[in-house]
Amino acid sequence: MRNLIKYILLVSVFAGMVACDSLEPIDENRLDFDYVSTVPQSAEGLLLHGYNGLIDQFIFSEVATDDAVNNKLNNGYKRMALGELTAQFNPASRWNTFERVFYLNRFLEVIEAGEIQWNRDEDINALFYQRMKGEALALRALHHFYVLQAHAGKGASGELLGIPYFTEFIEADGDFNKPRLSFEGAVEAIMKDFDDALDLLPTDYSENESDVDPWYADVDFGKYKVVNGGQYNLRISGRIVKALKARLALFAASPSFLNGQNGYYNMAANTAGEVLNTIGGISGLEPNGIEFYTSDNDINSGEMIWRGSIGGNSSGYEERMFPPSVNGEGEVNPTHNLVMAFPMQNGYPATVANGFDPQNPYANRDPRLGKYIVVNGSSFGGGIINTGVGGGIDRLDSIPQFSTTTGYYLKKLLRPDVRINNDGTTTGKRHYDVYFRYTELFLIFAEAANEIGGPDQQVEGMSARDVIGAIRQRAGITQPDAYLATITTKESMRELIRNERRLELSFEGHRFWDLRRWGVSLNESAQGYFDDGDNYVELPAVEIRNYQPFATYMPIPNAETLKFSELEQNQGW
């Protein structure tokens with residue numbers, strides 16, 4: 001009984017404590033709109049969320065295409081390519097990118113409120129408002145483009161649809177049930193944000209007064225540098241926005257979408273040409289652009305339109321991609337399909353009629369092949385890599401999920417001077433994210449200019465032939481380029497441009513989307529090549545791709561279409 005009384009007293013005391021005012025819930029420690037709209041650092045934090053999720057060259061979605069295979073059985077892109085792609089399972093989905101859009105919309109509300117003092121000087125303060133609003137608009141457009149690229153397509157009604165376009169912040173209990181715009185309506189909405197941003201951003205961030213745009217002529221240069229100086233040169237600028245506009249226009253004009261209608265090829269060519277002429281046109285093609293990723297320092301700055309900061313020494317990608325004999329996991333294996341896309345050194349396609357020897361397959365080939373792919377007998381990562389008979393753990397299929405499945409290992413984007421030691425230590429090297437290269441812009445120009453009027457159509461003083469000739473000359477194709485001289489029609493130049501794009505931008509996350517926008521078959525089997533000790537043997541079906549015929553257009557996530565009745569799903573999903 002005594003224990004029971006003690007228990008009752010304890011319960012009573014606790015109940016009294018719960019009833020006390022002292023235990024009333026306090027306000028959550030959250031930053032509300034009034035706070036972020038008056039504190040500069042907090043407000044800028046909203047804007048900086050827009051720089052999260054920028055898509056760089058380390059994507060490796062090529063393993064879901066005819067260019068590569070992933071040797072890890074649980075890789076999402078591999079599973080997708082083998083037939084698992086659904087509205088419930090889509091590793092390529094970008095729908096969650098809308099989260100960054102809402103951060104940016106909140107920031108734009110802060111800007112419109114006009115209560116933040118970025119600087120005590122009135123002129124500098126106004127310049128900060130202008131530039132940051134431009135950044136937010138440009139980033140909002142870019143993140144919408146990411147979603148559009150992944151989810152545009154023909155809806156259940158058969159109409160070519162884009163995505164919802166959000167220009168306001170929506171509270172958690174607000175109305176997110178918005179219909180998709182038409183495809184062209186979504187493109188126009190993105191273009192408008194890009195154009196509005198161009199009215200607010202400097203072309204480049206610089207310490208040189210000669211680089212200042214004419215519309216800042218009345219601004220004191222000392223004040224200008226505080227806001228638009230070189231310290232901001234990794235942020236989005238007018239030059240970057242124009243390049244992104246060209247990318248968007250080419251995407252919109254592509255066969256799977258507007259198929260050349262409404263002037264988007266013209267916009268792509270003219271916008272790209274305008275930017276390229278600021279670096280000297282064809283003569284501005286960076287000589288070292290083929291291996292832009294191999295330096296500790298940004299020595300290939302002429303190749304970069306936009307990149308991230310250069311980080312500290314690391315070896316993570318090399319640990320994943322190096323062959324097993326140099327202590328890597330050999331994860332991404334280029335296909336023989338891609339290897340055969342590299343021409344002979346004289347520029348002609350790699351066929352027996354043009355000198356290709358199936359038993360000496362890497363002789364007299366385009367030098368880019370040796371720079372981008374580890375072939376049988378390559379020296380790489382501190383060792384000689386043998387993928388054929390006698391190759392040990394590098395031999396094809398020697399160690400499941402480590403050794404190559406195609407006869408090739410990846411070389412592009414990796415630092416060959418990284419060392420992964422047997423004792424588990426590493427000698428890392430510096431890496432940086434690249435968001436846009438000039439080589440891509442040259443290829444955008446070439447594709448669009450050719451579609452307008454063929455190989456020799458002049459746009460901004462250049463033609464597709466000029467661009468492709470310069471790119472192939474830089475690659476080491478024997479000059480004069482006799483094969484290029486045989487290209488006389490739009491159709492034959494189209495195929496050559498697509499192949500050059502495949503090679504130059506390989507393993508940078510482009511081919512996955514290029515095949516879709518071109519309407520090209522997604523189901524070409526991944527092929528390999530193996531030295532059996534006596535001969536090289538073709539492996540015609542390392543992986544059988546298994547995409548549905550409607551997989552040109554990716555699905556809207558199923559959970560979203562269940563939640564929002566206005567959100568129309570793409571056909572087939």
Side-chain angles (χ1 to χ4, degrees), residues 56-65 67-79 81 91 290-296 311-336 338-339 362 368-434 506-509 526 528-531 539 542-543:
D56 63 16
Q57 80 278 27
F58 293 115
I59 300 298
F60 299 118
S61 58
E62 273 85 347
V63 300
T65 76
D67 274 4
V69 170
N70 194 296
N71 67 16
K72 306 299 184 189
L73 297 179
N74 64 348
N75 177 262
Y77 283 111
K78 181 189 189 79
R79 293 170 57 194
I290 291 176
E291 295 178 283
F292 62 92
Y293 47 87
T294 57
S295 173
D296 274 337
N313 290 341
S314 64
S315 60
Y317 282 104
E318 288 76 13
E319 289 175 49
R320 289 174 56 191
M321 304 301 163
F322 272 13
S325 67
V326 288
N327 299 315
E329 297 183 10
E331 182 176 336
V332 170
N333 310 148
T335 61
H336 192 55
L338 175 59
V339 168
Y362 315 120
R368 288 174 294 188
L369 174 58
K371 295 178 187 295
Y372 289 170
I373 296 176
V374 178
V375 303
N376 186 41
S378 291
S379 174
F380 186 66
I384 302 297
I385 311 304
N386 182 355
T387 64
V389 168
I393 58 177
D394 291 334
R395 179 187 185 275
L396 183 141
D397 291 336
S398 178
I399 305 176
Q401 301 193 71
F402 280 84
S403 303
T404 178
T405 59
T406 64
Y408 302 105
Y409 291 97
L410 181 64
K411 190 173 186 180
K412 188 177 179 185
L413 301 182
L414 307 181
R415 293 292 302 265
D417 45 353
V418 163
R419 292 294 177 267
I420 306 167
N421 304 314
N422 292 329
D423 62 2
T425 62
T426 62
T427 302
K429 294 294 179 180
R430 303 177 77 186
H431 301 74
Y432 53 92
D433 295 328
V434 178
S506 58
F507 302 103
E508 296 179 56
Y529 216 50
F530 177 61
D531 180 2
L539 308 172
V542 173
E543 270 190 10

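Just the heavy atoms: all of them, side chains too, but no hydrogens, waters or symmetry mates, feed the values below.
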Residues at least two apart in sequence or cross-chain that pass salt bridge (Lys or Arg N to Asp or Glu O under 4.0 Å) with Asp417, listed by chain then number, are Arg415
Distance col, row Leu414:CG vs Met321:CE, nearest 0.5 angstrom, shows 7.0 Å
Q) Do Leu410 and Asn333 come close enough that some side-chain heavy atom pair is under 4.5 Å? A) no
Discussion item. Under 3.5 Å, is there a donor on one side chain and an acceptor on the other for Asp67 and Thr335?
Written reply: no
With sequence neighbours left out, the residues meeting side chain to side chain contact (heavy atoms under 4.5 Å, CB included) with Ile373 are Pro334, Leu338, Val339, Phe342, Leu369, Val375, Tyr408
For Tyr409, the ring pair (Phe, Tyr, Trp, His ring centres under 6.0 Å) test, sequence neighbours excluded, returns none
Sorted by chain and number, sequence neighbours left out, side chain to side chain donor-acceptor pair (under 3.5 Å) with Asn327 holds for Asn422
Tyr293 ring center near Tyr432 ring center (under 6.0 Å) = no
Taken in chain and number order and not counting sequence neighbours, the residues that satisfy side chain to side chain donor-acceptor pair (under 3.5 Å) with Tyr77 are none
When every non-hydrogen atom of Ala81 is compared with those of Ala64, the smallest separation belongs to CB-CA, 3.8 Å
Beyond-backbone contact of Thr426 with Arg419, side-chain heavy atoms, under 4.5 angstrom:
no
Heavy-atom side-chain proximity of Ile290 to Tyr372 below 4.5 angstrom:
yes
Sequence neighbours excluded, the answer for ring pair (Phe, Tyr, Trp, His ring centres under 6.0 Å) partners of Phe402 is none
Sorted by chain and residue number, the ring pair (Phe, Tyr, Trp, His ring centres under 6.0 Å) partners of Tyr529 (sequence neighbours excluded) come out as His336, Tyr536
*asked:* Do Ile393 and Ile399 make a side-chain contact, defined as non-hydrogen atoms from C-beta onward lying under 4.5 Å apart?
replied: yes
d(Asn75 CG, Phe60 CZ) to nearest 0.5 Å is 11.0 Å
Residues passing the side chain to side chain donor-acceptor pair (under 3.5 Å) test with Asn421, sequence neighbours excluded, are Thr425
Ser398 and Gly392 have their tightest heavy-atom pair at OG-O, 3.1 Å
Residue pairs meeting salt bridge (charged side-chain N to carboxylate O under 4.0 Å, His left out), one or both in residues 392-412, sequence neighbours left out, come to Lys412-Glu508
Discussion item. Applying side-chain contact (heavy atoms from CB on, under 4.5 Å) to Phe507 and Phe58, what does each step give before you reach the verdict?
Written reply: CA-CA 8 Å; Phe507 302 103; Phe58 293 115; over 6 Å; no
By salt bridge (Lys or Arg N to Asp or Glu O under 4.0 Å), Glu62 pairs with (sequence neighbours left out) none
Those residues at least two apart in sequence (or on a different chain) that pass side chain to side chain donor-acceptor pair (under 3.5 Å) with Arg368 are Asp366, Glu500, Glu504
The complete set of salt bridge (charged side-chain N to carboxylate O under 4.0 Å, His left out) pairs with one or both residues in residues 321-334, sequence neighbours excluded, reads Lys72-Glu329, Arg320-Glu331
(Q) Within the structure provided, determine whether Phe292 and Leu413 are in side-chain contact (heavy-atom separation under 4.5 Å). (A) yes
Item to complete: With side-chain contact (heavy atoms from CB on, under 4.5 Å) as the test, would you mind laying out the steps for Thr387 and Ile385 before giving the verdict?
Response: CA-CA 6 Å; Thr387 64; Ile385 311 304; 4.2 Å; yes
Nearest heavy-atom contact between Glu543 and Asn70 is OE2-O, 4.1 Å
(Q) Between Thr427 and Val418, does the side-chain contact (heavy atoms from CB on, under 4.5 Å) criterion hold? Intermediate values first, please. (A) CA-CA 6 Å; Thr427 302; Val418 163; over 6 Å; no
Please tell me if the side chains of Val69 and Val63 come closer than 4.5 Å, counting only heavy atoms from C-beta onward.
no
Interatomic distance, CD1@Ile384 vs OG@Ser379, rounded to 0.5 Å, equals 4.0 Å
- Please test Leu539 against Leu396 for side-chain contact (heavy atoms from CB on, under 4.5 Å), starting from the C-alpha separation and ending with a verdict. CA-CA 11 Å; Leu539 308 172; Leu396 183 141; 3.5 Å; yes
